[in-house]
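Atom set for the values below is all heavy atoms of this structure, side chains included, hydrogens, waters and symmetry mates excluded.
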Amino acid sequence: MYYDTLFAISIIMAAIYAIIWRKRFSAYITLIFFLIPITICGYISQSNALSVEEAISGIKLSYQGASFLLLFMMLAIFDLCNLNLSKLVKLIFFFLACLIYLPVLTVGSGTLFYKSISLKIVDGSAEIIKEYGPFHTVFYVFLGSYLGITIAGIIYSLIKRKEVSKKNLLILLFCELSAILMYVNQHIFHPKVDFSPLSYIISEMLLLIIIRRVSLYDITESAIDTFSMNGGSGYISFDNKFTYIASNKLAKEVFPSLKELWIDSNATKNEVLNGELIAKIRNFAENNSVNFFYKEVGEKIYKININYLYAGKRKQGYLINIEDDSQNQKYISFLNKFSDRLQDEVAKKTEHIEKMHNNLILSMAMMVESRDNSTGGHIKRTSDIVKILLDEIMKDTSDDAIKITKRFYNNLIKAAPMHDLGKIAVDDAILRKPGVYTGDEYEIMKTHTSEGAKIVHKILEETDDAEFRLIAENVAHYHHEYWDGSGYPEGLKGEEIPLEARIMAIADVCDALISKRFYKEGMNFEEADKIIMEGMGKHFDKRLEKYYLAARPKLQAYYNQSE
């Protein structure tokens with residue numbers, strides 16, 4: 001049962017290895033997983049033998065594993081330690097293994113390995129009685145040499161090789177020491193079963209752990225090697241706890257602090273690296289922020305890309321890709337400078353054109369005002385009142401506040417002087433009449449709203465600012481509409497009247513009441529205020545009342561100052 005169980009475990013280990021196998025795995029590791037089940041079969045044959053011949057077959061099979069397994073283990077460990085042996089040296093080792101195995105084949109027919117061999121059955125199990133020959137001692141010297149060389153290679157790597165994981169090396173060292181321990185136990189205590197197969201199973205388990213770690217630590221697959229050889233890309237990898245795993249030459253040039261790190265050391269303990277790289281990786285992982293940044297090294301500019309490091313489908317850490325982006329950045333810098341200069345020029349020209357455009361509109365409004373029967377200043381005063389009201393609206397943060405944007409705020413202040421442009425189409429005899437209009441004259445006077453909308457539309461037809469054009473047209477068209485629907489020109493009611501026209505209506509009426517005209521004396525602010533308050537919900541939007549009330553002290557001070 002002991003050997004059968006070990007055989008079953010070895011098959012399971014081999015199956016696991018087959019599932020996780022990757023092309024980059026050492027061929028010697030593959031041979032180890034292939035040979036161990038075969039070797040254990042030799043022990044099963046010996047324990048179940050019913051004749052000396054069957055026992056001899058099992059012995060030859062088990063020694064085959066002993067002869068070649070330690071060789072393959074040594075070569076696999078040297079690969080993992082990056083201790084590259086030449087092909088000739090490997091061939092010599094293999095040739096010696098074959099030579100040392102040849103005397104095993106003489107068991108039963110010669111005395112080189114076993115002088116004699118016999119069999120007896122004890123409690124249903126075969127017990128092999130043997131007398132060792134001279135080459136059996138040579139065989140163990142040979143195996144001891146393999147173990148000694150392998151352990152020396154591991155210790156050398158622990159001391160000298162920063163690029164090799166110390167954890168991996170310690171696991172490998174434990175693997176070799178366990179084999180020695182099993183051998184010593186076997187020859188000192190002479191147990192009923194051989195512990196050599198158990199040492200093979202332990203080796204398989206430890207190799208699976210090593211393989212898993214190698215999959216995570218291996219940063220030089222063929223594609224990465226190609227880029228690295230061309231010098232165009234650098235790579236750095238950390239696990240989830242920022243344990244340093246690997247990097248290539250270019251990465252160390254861009255981040256010289258990497259040269260101070262040992263494999264498996266915590267990168268956060270390096271103050272420079274923690275500040276210039278680890279902090280950005282944390283920000284990427286915790287905040288889902290951008291996964292790249294730039295770093296200048298000499299005359300070159302490198303783009304540092306941060307990505308997750310995967311083993312299979314699981315995130316195991318972080319992979320940093322470094323690319324020389326100098327040419328692109330210089331080109332982008334040139335374009336940005338040119339674009340900034342061009343934008344500055346365009347902005348200056350645009351600002352100049354807008355000023356000319358606004359001055360032209362204001363001049364037209366002032367020209368119309370000069371024909372009106374007012375004492376002048378109506379355009380400026382209504383614009384100031386509109387601004388005072390808008391300031392109060394912008395301050396309101398209550399749940400029932402009227403929400404306006406900063407753009408709406410600026411556009412309405414700019415559009416306010418245009419509200420009476422339509423009066424340019426009204427005959428002077430009516431516009432400058434010093435008395436009260438007749439019915440017909442009043443109807444003609446009322447056309448200044450619709451005519452004003454047409455004039456504003458024509459003036460602003462080519463402008464790119466559609467929002468400003470619409471606000472200016474609405475102010476000119478609807479500033480004489482009443483909240484209760486009794487206004488003109490279209491008799492709009494409630495929120496059918498655009499907000500900009502409703503605000504303009506309060507400013508227009510307020511200044512018309514207070515200002516002196518040819519046909520009337522100006523009211524004081526208190527009298528005008530009473531009329532405006534009476535008009536809330538009838539002439540004016542009731543929702544604007546609280547803003548008017550909030551602005552009232554400023555409006556009163558404004559008109560008192562004007563006097």
Side-chain angles (χ1 to χ4, degrees), residues 345-390 404-432 441-481 487-492 496-512 515:
E345 292 296 326
V346 171
K348 289 177 183 178
K349 295 293 183 183
T350 302
E351 183 181 2
H352 180 66
I353 292 170
E354 284 183 351
K355 284 182 179 179
M356 289 178 61
H357 188 259
N358 293 337
N359 288 336
L360 177 61
I361 293 171
L362 188 60
S363 298
M364 291 180 65
M366 293 176 67
M367 181 180 67
V368 171
E369 184 180 61
S370 70
R371 295 177 58 236
D372 202 350
N373 55 7
S374 67
T375 57
H378 178 68
I379 291 173
K380 182 179 186 310
R381 290 193 299 272
T382 51
S383 296
D384 290 342
I385 295 170
V386 165
K387 183 179 184 306
I388 292 171
L389 291 171
L390 287 172
I404 63 172
T405 64
K406 187 66 177 177
R407 189 173 180 185
F408 177 91
Y409 173 96
N410 291 329
N411 283 338
L412 180 50
I413 292 172
K414 192 164 64 172
M418 306 170 71
H419 73 281
D420 274 341
L421 270 183
K423 289 182 178 181
I424 200 170
V426 179
D427 190 271
D428 275 354
I430 297 172
L431 190 64
R432 300 179 64 83
E441 289 172 339
Y442 186 56
E443 290 301 318
I444 293 173
M445 186 63 185
K446 284 160 57 174
T447 62
H448 83 276
T449 54
S450 53
E451 289 299 321
K454 292 177 184 176
I455 292 170
V456 171
H457 179 81
K458 193 67 178 176
I459 292 172
L460 301 178
E461 189 173 18
E462 298 300 324
T463 184
D464 292 331
D465 194 341
E467 183 179 335
F468 171 63
R469 182 175 66 241
L470 180 61
I471 288 173
E473 287 183 31
N474 286 340
V475 164
H477 203 173
Y478 302 117
H479 69 281
H480 282 295
E481 298 284 2
Y488 66 88
E490 297 182 6
L492 299 181
E496 293 176 353
I497 308 167
L499 176 62
E500 52 266 32
R502 284 179 261 155
I503 296 171
M504 189 72 233
I506 295 176
D508 189 41
V509 171
C510 181
D511 189 69
S515 300

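Of the inter-residue distances, the one linking Leu390 atom CG with Lys406 atom NZ reads 9.5 Å to the nearest 0.5 angstrom. Once rounded to the nearest 0.5 Å, the distance linking OG of Ser383 with CD1 of Ile388 reads 11.0 Å. Remark: Lys423 NZ to Ile455 CD1 distance equals 12.5 Å, nearest 0.5 Å. Atom-to-atom distance recorded for Ile503:CD1 and Leu389:CG is 7.0 Å, nearest 0.5 angstrom. Between atom CD1 of residue Ile413 and atom CG of residue Asp384 there is a gap of 9.5 Å, rounded to the nearest 0.5 Å.
Not a single ring-ring contact (aromatic ring centres under 6.0 Å, His included) links His477 to another residue, sequence neighbours left out. In this structure Glu451 satisfies the side-chain hydrogen bond (donor to acceptor under 3.5 Å, both in side chains) test with no other residue, sequence neighbours excluded.
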> Run the side chain to side chain contact (heavy atoms under 4.5 Å, CB included) check on Phe468 and Arg407 step by step: do they pass?
Replying inline: CA-CA 9 Å; Phe468 171 63; Arg407 189 173 180 185; over 6 Å; no

> Could you walk me through whether Leu412 and Ile404 pass the side chain to side chain contact (heavy atoms under 4.5 Å, CB included) check?
Replying inline: CA-CA 11 Å; Leu412 180 50; Ile404 63 172; over 6 Å; no

>> Pair Ile444, Asp427 - check side chain to side chain contact (heavy atoms under 4.5 Å, CB included), show working.
In response: CA-CA 9 Å; Ile444 293 173; Asp427 190 271; 6.0 Å; no

>> Determine whether Asp465 and Arg469 satisfy the following criterion, salt bridge (Lys or Arg N to Asp or Glu O under 4.0 Å), listing intermediate values before the conclusion.
In response: CA-CA 6 Å; Asp465 194 341; Arg469 182 175 66 241; over 6 Å; no

> Run the side chain to side chain contact (heavy atoms under 4.5 Å, CB included) check on Ile506 and Ile385 step by step: do they pass?
Replying inline: CA-CA 9 Å; Ile506 295 176; Ile385 295 170; 5.5 Å; no

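Shortest non-hydrogen contact noted between Asp508 and Thr382 is CA-CG2, 4.1 Å. Between Glu481 and Leu492, the shortest heavy-atom contact is OE1-N, 2.9 Å. The nearest pair of heavy atoms linking Tyr409 to Lys387 is OH-NZ, 3.4 Å. Shown here for Val475 and Ala415, the closest heavy-atom pair between the two residues is CG1-O, 4.2 Å. In terms of heavy-atom proximity, Lys414 sits nearest to Met418 at O-SD, 4.4 Å.
Using bins of under 30°, 30° to 60° and over 60° for the plane-to-plane angle, the ring pair His480/His448 lands in the perpendicular bin.
Remark: the backbone N or O of Ala512 is not paired with any side-chain donor or acceptor of Ser515 at under 3.5 angstrom. In this structure, the side chain of His457 does not engage the main chain of Ala453 through any donor-acceptor pair within 3.5 Å.
Checked against Asn474 for a side chain to side chain contact (heavy atoms under 4.5 Å, CB included), the options Arg502, Met504, His479, Glu500 give a single hit: Glu500.
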